[in-house]
Every structure is written in C-alpha cells, then in structure tokens.
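Structure first, commentary second.
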Amino acid sequence: MDPNAVVDLVYWRDVKTTGVVFGASLLLLLSLMACSIVSVVSYVGLALLSVTISFRIYKGILQAIQKSDEGHPFRQYLEEEVALSEEVVHKYSDLVLAKLNRSVAEVRRLFLVEDLVDSLKFAALMWILTYVGALFNGLTLLILGLIAVFSCPIVYEKHQAQIDHYLALVNNQVKDIVGKIQAKVPGMKRKTE
C-alpha cells in the first residue's frame, strides 16, 4: 500500500473514503466487543452473501424480463486472477522475519539486563501496563487507538503551534527531572555523558 494513501486517509483528505474506512473499522471493533469473532465473521459473511445473492437474482430477473443476454453480473470479478506472486510473498515474509528477529533480540536484551537503565524503563512500562490492563481490555485499547489515529493527526494539523509549544514545555520539564534523578542516583548516569 502506498504510504501517501495512508497519510491521505488519516488526514481526511478524501472525507468519503476516510469515513468509510474509519466507520467500518470502528463498527467491526465494536461488534467484536459485543460478539465473538466467529459470530462477527459469520454475520459479515452472511450480510455479504445476502447482498450478492440478491443482486444476482435481481439481475437474472431483469435479464428474463428484458430478454437480454448480459450474462453473470460478477463475471469480470470471477475472471480476474487473485493469486499472490511468489515475489510479493517472499518480500513481505522477509520483512516480517527481519522485524521479528530485531524484536526477539531487543526482548532478550531487555530481559537479560544488558543495560540496567533500559531494563528498568521496561519494567516501569510493564508495571504501568498492569494498571492499563486492569482498566481496559485489548479491544477497548484498539478502539481508542483507532479513534486516536483518525483524530490526532487532524487536530495536530489544525493546532500545531499551540501543541508544539506545550510539548516543548513538558519535554523540558521531563529532561530536568530525569537529569536531577540521574545526578542523585549512583550508577544511573548515561553512557553518553
């Protein structure tokens, strides 16, 4: 998929397309909150089959009444090739494998405490995530993430100056606090200093 298409989608450049993608994604996630994934897939499949069967019967009746010979209404889609090429499969499987190997190496580095500060940061993140997990389930986080992906970029684009100003203030405060903590705790000074 073209990265520019994703950016256009997230920034609502084409409101209809973005609305359909956002609405369908949100509806799917909300459906998964109410029903099991098997039920949601079954209902979506039944809905699609209902539409296509109804359309096929409608076109058949129309052809019989008009005595036309148009043929199957989905013929052009049935004749298209839908197989994935080996090159595409190899390309994406190599990308996934490379990311997986990097992730495994990073997890090993964090759990085996190669760098104490990074492992402590990771432990703090895991501790925070225990509280997040107690408040939200995974689907709720996905729904919130989807809403954030489709709302934050457009809000940032419209109010960039104010947001950058406040982010700079917060960033300076965090740097000051981290600097004070690193100065007071022995062995916490970073290697870059």
Side-chain angles (χ1 to χ4, degrees), residues 1-45 47-48 51 88 91-107 109-110 115 117-183 188 190 192-193:
M1 181 177 234
D2 182 23
N4 292 332
V6 174
V7 169
D8 289 345
L9 193 69
V10 169
Y11 279 97
W12 294 78
R13 303 288 190 242
D14 181 8
V15 177
K16 282 184 181 180
T17 305
T18 301
V20 167
V21 170
F22 176 62
S25 302
L26 189 59
L27 181 65
L28 176 68
L29 290 175
L30 289 172
S31 299
L32 287 173
M33 291 284 289
C35 303
S36 71
I37 191 164
V38 174
S39 297
V40 171
V41 169
S42 299
Y43 285 132
V44 168
L48 288 174
V51 170
V88 171
K91 174 185 170 188
Y92 287 110
S93 63
D94 290 344
L95 287 173
V96 168
L97 182 63
K99 286 185 184 282
L100 182 67
N101 285 337
R102 278 194 301 269
S103 299
V104 167
E106 183 65 17
V107 167
R109 188 182 77 77
L110 290 171
D115 182 4
V117 175
D118 287 344
S119 293
L120 288 173
K121 287 179 188 177
F122 184 66
L125 175 67
M126 292 295 109
W127 181 68
I128 291 169
L129 286 178
T130 62
Y131 288 103
V132 171
L135 294 174
F136 304 108
N137 66 21
L139 279 173
T140 305
L141 290 175
L142 282 175
I143 290 169
L144 292 174
L146 179 73
I147 292 170
V149 163
F150 280 94
S151 61
C152 290
I154 197 74
V155 169
Y156 179 74
E157 187 177 57
K158 291 185 186 288
H159 305 286
Q160 185 174 358
Q162 297 96 330
I163 292 171
D164 286 345
H165 171 71
Y166 288 113
L167 283 177
L169 291 175
V170 169
N171 193 21
N172 289 337
Q173 289 292 328
V174 168
K175 282 182 183 176
D176 290 344
I177 292 170
V178 168
K180 289 176 184 176
I181 290 172
Q182 285 180 342
M188 287 287 287
R190 299 296 298 186
T192 58
E193 292 179 346

- [ ] Quick one: which residue pairs count as a ring-ring contact (aromatic ring centres under 6.0 Å, His included) with a foot in residues 125-152, not counting sequence neighbours?
- [x] Phe22-Phe150, Trp127-Tyr131
Give, for atom [atom1] of [X] and atom [atom2] of [Y], the distance between the pair rounded to the nearest 0.5 Å.
| X | Y | atom1 | atom2 | result |
| --- | --- | --- | --- | --- |
| Phe122 | Glu106 | CZ | CD | 8.5 Å |
| Ile147 | Ser25 | CD1 | OG | 11.0 Å |
| Lys158 | Ile154 | NZ | CD1 | 5.0 Å |
| Asp176 | Asn171 | CG | CG | 9.5 Å |
| Leu30 | Leu26 | CG | CG | 4.5 Å |

Task: Closest non-hydrogen atom pair between Pro153 and Ala148, with its separation - done: CD-O, 3.6 Å
TODO: Check Leu32 against Leu139 and note the closest heavy-atom contact, atom names and distance.
DONE: O-CD1, 3.5 Å
Side-chain heavy-atom pair [X], [Y] within 4.5 angstrom cut-off:
| X | Y | result |
| --- | --- | --- |
| Asn137 | Leu141 | no |
| Lys121 | Val117 | yes |
| Leu95 | Lys99 | no |

TODO: Any pair with a residue in residues 7-17 that passes side-chain hydrogen bond (donor to acceptor under 3.5 Å, both in side chains), sequence neighbours left out, goes on the list, sorted by first then second residue, please.
DONE: Arg13-Glu157, Asp14-Thr17
TODO: Kindly say whether Leu110 contributes a backbone atom to a donor-acceptor pair with the side chain of Ser119 at under 3.5 angstrom?
DONE: yes
- [ ] Keeping the roles fixed (side chain from Asn172, backbone from Ala168), state whether a donor-acceptor pair exists under 3.5 Å.
- [x] yes
Open item on the list: Gln160: which residues meet the side chain to side chain contact (heavy atoms under 4.5 Å, CB included) condition with it, sequence neighbours left out?
Closed with: Tyr156, Asp164
TODO: Would you tell me whether Ser42 and Ser39 have side-chain atoms, one donor and one acceptor, within less than 3.5 Å of each other?
DONE: no
Task: Over 12 foreign heavy atoms within 6.0 Å of CD1, Ile37 - done: no
